[in-house]
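As the structure is a prediction and not an experimental result, all values here were calculated from the model.
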Amino acid sequence: MKICELGGEGLVFPATDAEHDWPTVARAIAYGAGLLYSFMGVAVAADIFMASIEEVTSRKASKVLAGNRRKTVRVWDATV
């Protein structure tokens, strides 16, 4: 028995038994909208994660050398 047939069960969908009475096009649009919403959530989370990685890897520090000179060095080793 398929999930999309009456009496079929899945992990999330169909949410109710009445969902089987919906037209196929309406269910396809609802499932597509849910899928798009999920992908957008993953995209936002990945964008925040990549921005934080960029912040960490671009950080620089000032190091004091002999003779009271200063040198700017990267905190993150680029070979890693």
Side-chain angles (χ1 to χ4, degrees):
M1 174 173 289
K2 294 181 179 181
I3 293 174
C4 57
E5 292 176 355
L6 186 59
E9 294 182 15
L11 186 62
V12 177
F13 295 111
T16 66
D17 287 333
E19 194 172 316
H20 290 291
D21 297 332
W22 295 1
T24 305
V25 173
R27 284 192 290 172
I29 290 171
Y31 296 163
L35 187 64
L36 182 62
Y37 185 76
S38 297
F39 283 163
M40 292 300 290
V42 170
V44 168
D47 191 40
I48 292 170
F49 177 73
M50 290 305 294
S52 64
I53 292 294
E54 185 177 336
E55 180 72 26
V56 168
T57 57
S58 66
R59 189 165 292 161
K60 295 180 181 180
S62 182
K63 188 173 184 179
V64 178
L65 301 175
N68 215 10
R69 295 183 333 185
R70 292 185 177 269
K71 180 180 179 184
T72 303
V73 294
R74 290 184 164 254
V75 174
W76 186 265
D77 184 10
T79 60
V80 176

> Is any side-chain heavy atom of Glu19 closer than 4.5 Å to a side-chain heavy atom of Arg27?
Replying inline: yes

> Does anything in residues 14-42 pair up under ring pair (Phe, Tyr, Trp, His ring centres under 6.0 Å), and if so which pairs, sequence neighbours excluded?
Replying inline: Phe13-Tyr31

> How does the hydrophobic cluster around Ile53 look, that is, which other residues are in it when side-chain heavy atoms under 4.5 Å mark a link?
Replying inline: Phe49, Met50

>> Looking at every heavy atom in both Arg74 and Ser58, which two are closest together, and how far apart are they?
In response: NH1-CA, 4.1 Å

